[in-house]
**Student:** 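Sharing a structure below in structure tokens format, with a few things to ask.
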Amino acid sequence: MPEEKNKVDLSRRKFLRSSGYVAGGVVGGSILGSLLGGNLGTETEQTAPETGQQTEQQNFQQARMFFKRQKDFDVLSAATERIFPEDDNGPGAIQLAVPYFIDHQMASGYGNNEREYMQGPFYPGTDYQGYQTRLRRNEVFLQGVRALDRESQNQFDASFTEIEGDQQDEILTKFQNEEVQMKGVTSNTFFSLLRSATLAGVYSDPMYGGNNNMEGWQMKEYPGSIMSYINEIESEDFVEMDPQSLSNH
């Protein structure tokens with residue numbers, strides 16, 4: 001298990017409260033409930049090199065399952081990094097493998113809305129009625145990342161992945177404020193889904209593809225999946241613990 005590298009400053013947490021486009025965001029329980037099949041661990045080569053050195057680990061979770069075009073995945077990655085950027089307190093969304101987490105979710109039952117009624121008739125909904133589009137989430141995400149790039153081309157004559165960070169923020173803010181037209185869904189709906197999925201990927205259990213090396217938990221000093229606190233529960237002091245994943249049990 002990787003050890004915590006540095007103590008995390010609480011200013012990292014202030015980011016989620018003060019940021020213009022993540023304030024008030026809640027990591028939805030539904031996105032964490034869609035289990036992904038396959039090998040969820042980290043594999044190494046079975047044959048050791050002749051030099052006696054340890055083999056390089058490969059994370060097979062970091063492979064695309066939904067996004068077919070590399071450009072779409074790159075735009076998604078850039079957008080998540082602006083929502084949860086790297087700073088002095090820890091890694092950002094890309095290093096935490098959040099884009100792969102989202103990609104896997106889009107290929108899962110969550111992305112296909114398998115547990116939700118998706119048939120007509122369709123009527124205009126209100127802001128208090130939750131998910132109100134006939135499009136499935138993976139369709140919303142695919143259209144959304146392409147709309148991000150299209151809006152960037154129109155405004156800055158460059159791809160979303162090529163413009164500066166403050167320009168990317170400007171584009172994302174337009175989506176949040178419903179200033180961009182999308183077919184069958186509002187741009188704010190896409191932005192809200194993107195924000196929630198990004199935060200879910202940062203703080204979910206690593207077995208789902210995000211929170212790489214549990215560094216998202218380490219920044220919040222969250223212990224993860226601990227089987228028992230019987231030896232710590234009566235302590236009056238804060239107890240630092242190495243985080244554990246579900247895959248540890």
**Student:** What is the minimum heavy-atom distance between A63 and D103, and which atoms define it?
**Tutor:** O-OD2, 3.9 Å

**Student:** Rounded to the nearest 0.5 Å, how far does CD of Q143 lie from CG of L148?
**Tutor:** 11.0 Å

**Student:** G201 and V98: which non-hydrogen atoms are nearest, and at how many Å?
**Tutor:** C-CG2, 3.7 Å

**Student:** Could you tell me the separation between the CH2 atom of W217 and the CG atom of N211, rounded to the nearest 0.5 Å?
**Tutor:**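 The CH2 atom of W217 sits 5.5 Å away from the CG atom of N211.
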
**Student:** Are M118 and V185 joined in one hydrophobic group, where the rule is that I, L, V, M, F, W and Y side chains link up if heavy atoms are under 4.5 Å apart?
**Tutor:** yes

**Student:** Is there a side-chain contact between R134 and Q119 in this structure, where contact means two heavy atoms from C-beta onward sitting under 4.5 Å apart?
**Tutor:**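 No, side chains not in contact.
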
**Student:** Could you tell me which residues satisfy side chain to side chain donor-acceptor pair (under 3.5 Å) with D72, sequence neighbours excluded, listed by chain and number?
**Tutor:** R69, R146

**Student:** For S245 and D205, test the side chains for any donor-to-acceptor distance below 3.5 angstrom and give the result as yes or no.
**Tutor:** yes

**Student:** Do Q176 and S187 touch side chain to side chain, with heavy atoms closer than 4.5 Å?
**Tutor:**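 Result no, sub-4.5 Å side-chain heavy-atom pair not found.
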
**Student:** Would you say E215 and Q95 make side-chain contact, with heavy atoms under 4.5 Å?
**Tutor:** yes

**Student:** Once ring-ring contact (aromatic ring centres under 6.0 Å, His included) is applied, what residue pairs with a partner in residues 229-248 remain, sequence neighbours excluded?
**Tutor:**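 Sorted pair list comes back empty.
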
**Student:** Does D87 reach the main-chain N or O of G90 with its side chain, forming a donor-acceptor pair under 3.5 Å?
**Tutor:** yes

**Student:** With the 4.5 Å side-chain cut-off for hydrophobic clustering, are I94 and M65 part of the same group?
**Tutor:**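 In one cluster: no.
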
**Student:** Do Q244 and P223 make a side-chain contact, defined as non-hydrogen atoms from C-beta onward lying under 4.5 Å apart?
**Tutor:** no

**Student:** Which atom names give the shortest non-hydrogen contact between L76 and P99, and what distance separates them?
**Tutor:** CD2-O, 3.9 Å

**Student:** Distance alone, cut at 3.5 Å: any donor-acceptor contact between the side chains of Q167 and Q155?
**Tutor:**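 Q167 vs Q155: no donor-acceptor pair found between side chains.
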
**Student:** Given the rule that I, L, V, M, F, W and Y join up when any side-chain heavy atoms are under 4.5 Å apart, are L246 and L96 in one cluster?
**Tutor:** yes

**Student:** In plain terms, say whether E116 and R137 are close enough for a salt bridge, that is, a side-chain N and a carboxylate O under 4.0 Å apart.
**Tutor:** yes

**Student:** For the CD atom of E139 and the OG1 atom of T133, what is their distance to the nearest 0.5 Å?
**Tutor:**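 So the gap between those two atoms works out to 8.0 Å.
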
**Student:** With sequence neighbours excluded, tell me which residues meet salt bridge (charged side-chain N to carboxylate O under 4.0 Å, His left out) with E114.
**Tutor:**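 Partners of E114 under the salt bridge (charged side-chain N to carboxylate O under 4.0 Å, His left out) test: none.
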
**Student:** Could you state the interatomic distance from CG (N231) to CE (M241), rounded to the nearest 0.5 Å?
**Tutor:** 9.0 Å

**Student:** Just wondering, more than 12 heavy atoms not from E234 lying within 6.0 Å of its CD?
**Tutor:**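 Not buried by this count: 12 neighbours or fewer within 6.0 Å.
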
**Student:** Does T198 use its side chain to pair, donor to acceptor, with the backbone of I83 at less than 3.5 Å?
**Tutor:** no

**Student:** Applying ring-ring contact (aromatic ring centres under 6.0 Å, His included) as the test, list every pair that has at least one member in residues 61-81; sequence neighbours left out.
**Tutor:**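 Listed once each, the pairs are F73-Y100.
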
**Student:** Please check if atom CG in D157 has more than 12 non-hydrogen atoms from other residues, nucleotides or ligands closer than 6.0 Å.
**Tutor:**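 Counting neighbours around CG of D157, 12 or fewer heavy atoms of other residues, nucleotides or ligands fall under 6.0 Å, so no.
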
**Student:** Do we see a donor-acceptor contact under 3.5 Å between the side chains of N138 and N112?
**Tutor:**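 Checked: N138/N112 side chains pair up, N/O donor to acceptor below 3.5 Å.
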
**Student:** Tell me every residue that passes side chain to side chain donor-acceptor pair (under 3.5 Å) with K71, counting only those two or more places apart in sequence or in another chain.
**Tutor:** D149

**Student:** Does the side chain of N188 come within less than 4.5 Å of N177's, by heavy atoms?
**Tutor:** no

**Student:** Would you say that L172 contacts F191 through its side chain, given a criterion of any heavy-atom pair below 4.5 Å between the two side chains?
**Tutor:**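 Side-chain contact under 4.5 Å: yes.
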
**Student:** Does the side chain of T189 pick up a donor-acceptor pair with the side chain of T186 at under 3.5 Å?
**Tutor:**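 Yes, side-chain donor-acceptor contact under 3.5 Å.
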
**Student:** Working to the nearest 0.5 Å, report the span between CD of E179 and CD of E170.
**Tutor:** 9.5 Å

**Student:** Search all heavy atoms of A147 against all heavy atoms of M182 and return the closest pair with its distance.
**Tutor:** CB-CG, 4.3 Å

**Student:** State the CG-CD distance between N212 and Q62, to the nearest 0.5 angstrom.
**Tutor:**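 Reported value, rounded in 0.5 Å steps: 5.5 Å.
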
**Student:** Tell me if a side-chain donor or acceptor on E178 pairs with a main-chain N or O of F175 at a distance below 3.5 Å.
**Tutor:** no

**Student:** Can you name the closest pair of heavy atoms from I226 and D242 and give their distance?
**Tutor:** CD1-O, 4.2 Å

**Student:** Taking atom types as modelled, is there a side-chain donor on Q70 or R64 under 3.5 Å from an acceptor on the other?
**Tutor:** yes

**Student:** Might you point out which heavy atoms bring R136 and G111 nearest each other, and give the distance in Å?
**Tutor:**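 Between these two residues, the closest heavy atoms are CB-O, 3.7 Å.
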
**Student:** Can you pull out every ring-ring contact (aromatic ring centres under 6.0 Å, His included) where at least one residue sits in residues 138-174? Sequence neighbours excluded, please.
**Tutor:** F141-F190

